[in-house]
Every structure is written in C-alpha cells, then in structure tokens.
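One structure is given below, encoded as structure tokens.
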Amino acid sequence: MKIGLGSDHNAHSLKIQLCKHIEELGHEVVDYGSNDSCTAVDYPGVAFRVATAINDKELDRGILLCGTGLGMAIAACKVPGIRAATTHDVYSAERACKSNNAQIITLGEKVIGVELAKKVVEVYIESTFPGGDSARKVQQIVNQEQAFYAKG
Ligand code: RB5
C-alpha cells in the first residue's frame, strides 16, 4: 500500500517513528513533511496535499499528525470526497476503515504515546472496508456532499 504521511512541526518526532514503522510493515511511505520540529508548518496545507493526492489516486491512504490530530482531520475533511478521522485507540482505527471507509486517519503527538500510535496505524492499514451495510451509510455521506456541491 502507498501511504501518505504528513505532519506539522508539533508532530515531527511522531512522524519519523511512524514512517519507520510503516516501512517495516512493508508499505511505501510518501513523506509530506514536516522536515523538522523547529520550523513552523501550518497543518492545513499538509492535510490538503495528502487529501488531494488520495483523490488523484497517487496514494492509497493517508496518516496525518499534528499536536492533537484534530486540525488535520478538520482540514482534510474540507477536501471533497475525503473522510478523515482522528483515532487514538485501536478499535476506532479499525472502525474508521471498516465502518467509515476513511481514507485518512489523524493522530496527535501531544495526545498519544509512540507505541500505541504504531499499533493504531498498523490496525488501520491492515483493515479493509467490507462494503455491505457500511457502504450504504458511507454512500449517504457521499450523496450529501455531492448534493451540496451540485447547488453551486
Ligand atoms: C497543537 O497544539 C496544535 O496547535 C496543532 O498542532 C494541531 O493540533 C491543530 O489542530
């Protein structure tokens, strides 16, 4: 799987550790920064780039990191077609994929420890969307979004 990984400066350290972990799991990582923890990076731009790359089918999924995970999720969800969820536990990470078909999960370095973050990411990446009832509900979200944009 090709995974886009991006952070702001508040989550640079977590990004480095998750990058290594995702590669060790056998996946390809595309790094969208940050490049260090000292240079301020505004999280919305990173979220928009990863979300757009998913829409353009350049990435299979995205992992976005900031201090809380919240800003990244809010920003990524502004890109039409994207479902991003903040997940700090393995059950939510699994359901973000299996129930919500989220293309992106987000985590906060100020919220979660590294070992749990690795497990959360691992469970998310290894989950697949089963379709079925969940597909019907996700389609309702897609329909609402499309109706909104159709209004112009
Ligand atoms: C961290 O406090 C915050 O400013 C930023 O990294 C991100 O969490 C925003 O949502």
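Order of appearance sets the numbers: ligands from 1, and atoms from 1 within every ligand. Atom set for the values below is all heavy atoms of this structure, side chains included, hydrogens, waters and symmetry mates excluded. Remember, it's a predicted structure, so these values are computed and weren't measured experimentally.
The shortest distance between side-chain heavy atoms of H88 and L107 falls below 4.5 Å. Side-chain contact between L25 and V121 is absent, with no heavy-atom pair separated by less than 4.5 Å.
Within 6.0 Å of CZ on F148 lie no more than 12 heavy atoms contributed by other residues, nucleotides or ligands.
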Below 3.5 Å only, please: the N or O atoms of ligand 1 paired with protein N or O atoms, distance on each line.
from     : atom 1 : to  : atom 2 : distance (Å)
ligand 1 : 6 (O)  : D8  : OD2    : 2.7
ligand 1 : 6 (O)  : N10 : ND2    : 2.8
ligand 1 : 6 (O)  : G67 : N      : 2.8
ligand 1 : 8 (O)  : G67 : N      : 3.1
ligand 1 : 8 (O)  : T68 : N      : 2.8
ligand 1 : 8 (O)  : T68 : OG1    : 2.8
ligand 1 : 10 (O) : T68 : OG1    : 3.4
ligand 1 : 10 (O) : G71 : N      : 2.9

Side-chain polar contacts of residues 52-63 - donor-acceptor pairs under 3.5 angstrom, sequence neighbours left out - could you list them?
from : atom 1 : to   : atom 2 : distance (Å)
T52  : OG1    : F48  : O      : 2.7
N55  : ND2    : P80  : O      : 2.8
D60  : OD2    : K2   : N      : 2.6
R61  : NH1    : Y124 : O      : 2.6
R61  : NH1    : S127 : O      : 3.3
R61  : NH2    : S127 : O      : 2.7

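Other residues sharing a hydrophobic cluster with V142 under the 4.5 Å side-chain heavy-atom criterion for ILVMFWY residues are F129, V138.
Applying the salt bridge (Lys or Arg N to Asp or Glu O under 4.0 Å) test to D31 and every residue at least two apart in sequence or in another chain returns K15.
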